[in-house]
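In what follows, every chain begins at residue 1, and chains take the letters A, B, ... in the order their sequences are listed.
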Amino acid sequence: GPGATFTRTGPRSRERQEAAFRESLNRHQYLNSLFPSENSSAVYGINQFSYLFPEEFKAIYLRSKPFAFPKYEAEVPEPIPMDGNIS
Amino acid sequence: LPLRFDWRDKHVVTLVRNQQACGGCWAFSVVGAVESAYAIKGKPLEDLSVQQVIDCSYSNYGCNGGSTLSALNWLNKTQVKLVRDSEYPFKAQNGLCHYFSDSHSGFSIKGYSVHDFSDQEDKMAKALLTFGPLVGIVDAVSWQDYLGGIIQHHCSSGEANHAVIITGFDKTGSTPYWIVRNSWGSSWGVDGYAHVKMGGNICGIADSVSAVFV
C-alpha cells in the first residue's frame, strides 16, 4: 500500500492491541530487572509503541537496509626520511 | 577529543522529526546530515525535503524501506538538489517524484564517505568533530520500549535495521555515550534522542557510519 506496511494488515482489533500492551508490560519488567544497580542504564516502559507487537513495530519502523561498509583505516603516518627533513 | 561535544550546541541540527507509520528512517537520517552539513558551512539551518528523497531515490522503496548508502549514492550521482521541506512536505506515504528545474534553488552534496568504525569509536568521534553529524544504522529492536538513560544492554550489533543521526557524545560521566537523534518524534526517548554507550559497538552503532560533504 502507499503507506507503511502496517496498513496492509488493516485495522487492529482492540483485543490485539490489549494483548500487545500486556506483552509490552512484561517485556519492560524483564528489561528493567536485569541491571537495577546501574543508575545510568537505560529505562524501558510505556510509550507510543506499547500497543504494537515487536514484529509489527519492526515491520513499520525498522526498514533501513544494512550494508557492509569498509573498515575505517586511519592514514598511516608518512615515514620520516632518514635524513630527517620532512617533505 | 573534548569530553563532551554536541553539534546541537552549535545550532546546526534541525528539530527532531516524526516519520510516523512510514518506514523512511533512511531518508530522514540522510536529509538530516545534509541539513547540518550546510549549516556548518554557514548556510541557514532549515528543514529539507525528506519526501523528495522518499519519492525520487529510485534505488530505494520509499516508506517500505531503503538504505542510507543507496540514498547517498543517488544524491551524489544525480546531483539532485534537495528543496526545502516547505516546498515538498512530508506526507508519510510514497508518492510520485516532483522534478524541479536546474535553476530552482536547492542543496546538493559533493560527496560522502562510508566506514565501519567498530573497535575504533574514538576515531568515529574524531570523524564526528571533523565532518559533522554522522549517519548511522543500528539494531533498534529494543528501542521500541526505550524511555531514557544510556542503552548498554539488550542491544546487539546483529542486524542493523534503523537509520539515525549521531550528533555528539558525552564522556563526562561513568558511562560514556553517543548522542543519537531519532525520527520518532520528540516525545520518544530523551526529547527524541537516544543515548547509546560508547565503546563495545552497542546496537551496532559503529558498523555502518556515513558522513556527507557539501
Inset, instruction - Can you tell which part of B:S208 gets under 4.5 Å to a heavy atom of chain A, answering side chain, backbone, both or neither? - result: both

Inset, instruction - Report the distance from atom CZ of A:F67 to atom CG of B:N73, rounding to the nearest 0.5 Å. - result: 9.0 Å

Inset, instruction - Could you look at A:F35 and say if it's the side chain, the backbone, both or neither that has a heavy atom under 4.5 Å from chain B? - result: side chain

Legend entry - Which atom of B:Q120 lies closest to which atom of A:Y72, heavy atoms considered: NE2-O, 2.7 Å

Inset, instruction - Would you mind checking which part of B:Q19 comes under 4.5 Å of any heavy atom in chain A, side chain (CB onward), backbone (N, CA, C, O), both or neither? - result: side chain

Legend entry - Residues in residues 182-196 of chain B near chain A [non-hydrogen atoms, under 4.5 Å]: B:W184, B:S187, B:W188

Inset, instruction - Identify which part of A:I46 has an atom lying under 4.5 Å from any heavy atom of chain B, answering side chain, backbone, both or neither. - result: backbone

Legend entry - 4.5 Å side-chain heavy-atom contact, B:W143 and A:N47: no

Legend entry - Contact class of B:H153 relative to chain A, heavy atoms under 4.5 angstrom: both

Inset, instruction - Please determine, among A:S41, A:S50, A:P66, the option with the most heavy-atom pairs under 4.5 Å with chain B. - result: A:S41

Inset, instruction - For residues B:L147 and A:H28, determine if any side-chain heavy atom of one lies less than 4.5 Å from a side-chain heavy atom of the other. - result: no

Legend entry - Interchain contact, A:K58 with chain B, by part (heavy-atom threshold 4.5 Å): side chain

Legend entry - Between B:N60, B:I150, B:D119, B:V138, the one whose heavy-atom pairs under 4.5 Å with chain A are most numerous: B:I150

